[in-house]
Amino acid sequence: MEEIKVGLEVHVQLVTLKTKLFCSCSSDYRGKPPNVNICPVCTGLPGSMPTLNKRAVEEALKVVFMLNAQPYATSYFFRKTYFYPDLPKNFQITQYDKAGGYPLAHDGSLKLTNGKVVRIERIHLEEDPGRIYYEGSRATAKYSLIDYNRSGIALIEIVTAPDMSSAEEARDFVERLTTILSDVGINVRDYEGALRVDVNVSYAGGERVEVKNVTGAASVEKAVVYEVFRQKTMHEKGIKVVRETRAWDEKRRITIGSRGKEFEEEYRYMPEPDLPPVIITEALMQKVKDEIGGSQEERYNEIVNDGINEELAKKISSDKQLYSVYEKVKFYEPTLKQLAANVLANEISYLMKRYSVKSLPDDVSGLVEILQNYRSIPDHDTAVDYLKKWVEGEKVKVSLQATSVNEIHDDVVKVVAENYDKIKNLEYTKKFEFLMGILIRKFGKENKKVLVEELTKVLSETR
Amino acid sequence: MNLEGYSLLSILKEIERGSINAEDVNDFYYKKSLQLNDKINAYITLLKPDDKKINGNLKGIALAIKDNISTKGIKTTCASKMLESYVPPYDATAVSKLKEQGGRILGKTNMDEFAMGSSGENSAFGPTRNPLNNDYVTGGSSSGSAAAVAANMAPISLGSDTGGSVRAPASFTGIVGFKPSYGAVSRYGLIAYANSLEVIGILGKYTKDVKFLFKLIAGKDPLDSTSLNVELNEKEQFKPKILVIKSFVELSKDEVKKEFYRSISKIDEEGFEVKFIDSFSLTEYLLSAYYTIACAEASTNLSRYDGIRYGPKVESTGNWRDYITKARSFFGPEVKARIMMGTFILSAGYYETYYLRALQLRKLIRQEFEKIVRGYDALYIPTMPVLPWRIGEAIEDPKMAYASDVLTVLPNLTGSPALSLPVGRIREFFVGGQLIGLRGDDIKVLKIAEMMEEILKVKNDGRN
């Protein structure tokens with residue numbers, strides 16, 4: 001099968017906010033008569049100026065931390081200029097990672113259900129445009145009506161690397177993201193149009209095609225399926241796929257090329273002179289991390305509901321950091337929650353006290369690795385050493401030799417069984433050499449000693 | 001009652017004493033405006049003040065406001081066909097502060113369209129004429145705000161200054177024009193031309209009036225994130241230390257130069273400490289940095305004028321791109337030119353070459369300026385190197401045009417407070433001297449200007 005690459009740009013409305021991103025208008029626009037939640041700022045009247053809603057930065061940071069991304073200490077707002085009737089200033093205030101700018105955060109990750117890690121390149125804040133409404137259908141409507149109630153609603157844009165290789169993975173990403181968002185109270189499921197995705201698809205190393213404005217996980221999957229089918233068909237007919245932006249037709253479940261002349265996107269980005277840089281202080285980060293957890297009672301109940309005993313639950317829920325790590329590990333590997341609870345309540349809280357560690361790493365992948373191999377770690381001291389490394393923010397790789405003598409034994413048995421026909425008539429040394437070759441390729445030279453022992457054992461058993 | 005030559009402060013004192021009332025004062029300026037506006041063209045909109053009694057610091061006195069400062073319920077046109085019928089639904093912060101303190105609006109003053117220009121001739125509603133000689137320009141872009149004060153059509157006025165727009169017309173009409181530090185007065189409601197350079201300023205006959213009004217409108221505004229609180233308390237009397245950059249003075253015409261140097265010897269005699277240095281090393285970059293930044297910001301600021309929410313009514317062809325194109329043809333030629341330049345500057349491939357470099361230059365200019373001026377109370381140079389020219393007549397010497405901007409853009413690039421006051425006379429005109437301080441030293445600059453006013457006694461009291 002030819003390679004499929006999918007990258008997503010997910011726009012999420014910060015639905016937990018009561019007001020818009022740059023003015024104090026109510027953000028509650030759904031079901032309202034048109035143009036009631038508006039003011040000089042969000043309709044871009046001459047002379048109006050944006051001022052940043054500080055809560056928006058805090059809510060966005062919650063998502064940043066949940067996605068293991070790193071905030072920039074200083075980030076900037078830019079003007080992205082393009083003419084469109086739903087954009088009252090004819091420029092959108094957004095963040096930009098070029099021209100001397102920095103977005104809110106960079107380098108995050110999200111793990112899919114199948115274990116694949118999708119890299120998140122950047123997360124930034126921006127304002128939503130208004131909405132164009134057509135009486136009847138677009139083709140028959142006499143007028144385009146514009147409603148600015150949505151104009152200026154706070155959005156975050158989450159940009160992934162092109163790490164997904166199927167429609168299912170793209171769907172899974174959006175579903176997992178939706179769950180993470182609801183963990184911090186951003187329940188996009190409850191608000192129509194609160195999560196909108198631009199889907200980038202390339203097939204067999206061809207040009208990237210962007211499908212704009214796809215709403216919801218199921219539609220993302222359908223859009224990728226259609227786009228792969230379309231590009232594959234073109235590929236087979238020998239037609240070159242051109243880099244373009246297409247629209248998603250939800251009713252017909254197809255993507256539509258933009259009519260009219262194609263021209264290169266020219267947004268003329270420049271720094272927004274009316275807004276100072278966004279400064280993320282240590283204190284702000286701590287405040288947001290503290291908020292992620294909820295009340296201690298809520299935390300306690302949630303842990304007990306997971307089937308963890310009351311003593312452990314009490315200990316973990318009393319510390320927001322322990323709780324936050326517990327939740328993340330549970331999210332990535334639900335089967336590890338009991339072990340995670342034990343380790344957090346005992347070894348990790350001991351290590352934090354012993355080495356006066358103030359904050360635990362945001363990235364729990366090292367801890368997950370330790371927990372997954374926990375039973376194979378030869379002794380408790382070694383396990384604590386690994387945990388200490390993670391607590392201190394070092395990269396953790398649990399080495400295989402130490403981990404899984406049991407697994408190696410099983411695998412050696414398997415290799416011998418699979419190759420039984422080939423080796424049954426060989427003399428012992430030839431047999432041994434042949435099997436060792438396969439095993440070394442599989443486990444690496446560093447495990448040679450264990451492998452020799454195990455193979456000797458297995459061969460003596462099967463003789 | 002004849003209030004010609006009265007200061008705002010003396011009028012307020014008279015009202016306090018009960019010898020006159022605000023109604024009479026407003027009536028005087030309103031009638032004078034009715035009588036002179038056909039000739040001077042200072043106002044785009046003139047309003048008859050009502051006679052309701054208002055208290056507060058300004059006691060109900062009506063003032064002139066430049067027509068790019070938003071006034072609730074009153075047309076704010078920016079002297080453009082594009083906004084000919086635009087009525088803002090809100091007041092600029094500076095306007096609401098004046099209203100809260102008992103101020104009224106006498107009218108909205110003429111200007112160069114969207115504040116782009118330095119002669120007052122680029123208005124869709126015709127040029128403002130200089131009260132000192134009606135055949136000559138007033139200087140711009142706050143042309144009407146200067147002319148109204150100079151011709152006794154207003155006791156004091158608000159203007160805006162992006163690259164000299166308050167100081168140039170003040171100099172050409174022989175009055176005082178003050179550009180505060182960047183951010184010292186909220187820009188909320190000031191229709192943006194170049195956000196990072198401009199500020200609302202004040203034009204009056206006397207520095208003490210300007211200082212009084214500045215204190216009423218200064219201060220941090222939650223609606224303007226770039227605003228700040230500058231020191232408003234006054235120091236005891238001090239002996240000013242003044243720096244003069246000779247190469248700046250040398251850019252001026254001989255007669256201007258002569259008057260300017262004469263003012264220096266007078267303040268020197270009265271105990272000012274004056275030091276001269278030869279030149280400012282980045283002089284040749286001032287204009288390029290200024291125009292690059294201003295045009296880039298202008299091109300995005302002015303993209304909102306598409307005729308959809310307000311502005312000219314355009315016949316629709318069913319295609320919104322055509323609609324926007326037609327609506328945007330309502331801009332005047334100077335505005336179109338600056339939008340085109342800004343669009344080019346921000347285009348892919350040119351951003352780094354022009355815009356980023358201009359920002360870096362601005363930083364260097366700031367550093368150089370602070371290095372030179374630190375240790376002094378202010379820099380003192382001419383405001384305009386030439387006298388007003390005839391309306392319609394281009395400046396004969398293009399080098400002079402270049403230089404005329406060089407002297408005023410510096411404080412906009414450095415965010416400094418700057419003030420122009422009349423320091424000499426030539427025929428019917430005045431020579432303006434410019435004091436430039438370090439950012440935040442607004443009151444210090446105003447204080448020095450007051451001292452100079454007293455020493456030099458060059459005054460356009462409107463009775464010429």
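In what follows, every heavy atom counts, from backbone to side chain, and hydrogens, waters and symmetry copies are set aside. Letters A, B, ... mirror the listed sequences (proteins, then strands); counts begin at 1.
The parts of Thr51(A) that come within reach of chain B are both its backbone and its side chain, each placing non-hydrogen atoms under 4.5 angstrom from that chain. The contact between Tyr188(B) and chain A is made by backbone and side chain atoms together, counting heavy-atom distances below 4.5 Å. Looking at Leu190(B), the atoms closer than 4.5 Å to chain A (heavy atoms on both sides) all sit in the backbone: N, CA, C or O. Tyr148(A) touches chain B through its side chain: at least one heavy atom from C-beta onward sits under 4.5 Å away, while N, CA, C and O do not. Using a 4.5 Å cut-off between heavy atoms, Ala348(B) contacts chain A through both its backbone and its side chain. No part of Tyr323(B) comes within reach of chain A, as not one of its non-hydrogen atoms sits under 4.5 angstrom from that chain. Contacts between Ser70(B) and chain A at a heavy-atom distance below 4.5 Å involve the side chain alone, from C-beta outward. For Pro222(B), the part lying under 4.5 angstrom from a heavy atom of chain A is the backbone only.
Ranked by heavy-atom pairs shorter than 4.5 Å toward chain A, the options Thr76(B), Ile324(B), Asp224(B) are led by Asp224(B). For chain B, the option among Ser24(A), Gly44(A), Cys23(A) with the highest count of heavy-atom pairs below 4.5 Å is Gly44(A). When each of Pro40(A), Pro85(A), Pro276(A) is scored by its heavy-atom pairs under 4.5 Å with chain B, the top score falls to Pro85(A). Listed options Asn301(B), Leu356(B), Asn68(B) were ranked by heavy-atom pairs under 4.5 angstrom with chain A; first place goes to Asn301(B).
Rounding to the nearest 0.5 angstrom, the gap separating the NZ atom in Lys62(A) from the CD1 atom in Ile156(A) is 11.5 Å.
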* To do: Quick one: do Ser48(A) and Lys89(A) satisfy side-chain hydrogen bond (donor to acceptor under 3.5 Å, both in side chains)? Show the steps, please.
  => CA-CA 10 Å; Ser48(A) 65; Lys89(A) 300 183 292 296; over 6 Å; no
inquiry  = Run Arg55(A) and Glu58(A) through salt bridge (Lys or Arg N to Asp or Glu O under 4.0 Å) and show every step you take.
reply    = CA-CA 5 Å; Arg55(A) 281 299 303 167; Glu58(A) 295 173 15; 2.4 Å; yes
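Salt bridge Arg268(A)/Glu266(A): absent, no basic N to carboxylate O contact under 4.0 Å. A salt bridge links Lys108(B) with Asp67(B): the closest approach of a Lys/Arg side-chain nitrogen to an acidic carboxylate oxygen falls below 4.0 angstrom.
Here Met285(A) pairs with Phe65(A), Pro71(A), Ile280(A), Glu282(A) under the side chain to side chain contact (heavy atoms under 4.5 Å, CB included) rule; sequence neighbours left out.
Note on ring orientation: taking the six-membered ring where Trp is involved, the planes of Tyr350(B) and Tyr354(B) are parallel (angle under 30°, cut-offs 30° and 60°).
In this structure the side chain of Trp320(B) never reaches within 4.5 angstrom of the side chain of Ser144(A), judged on heavy atoms.
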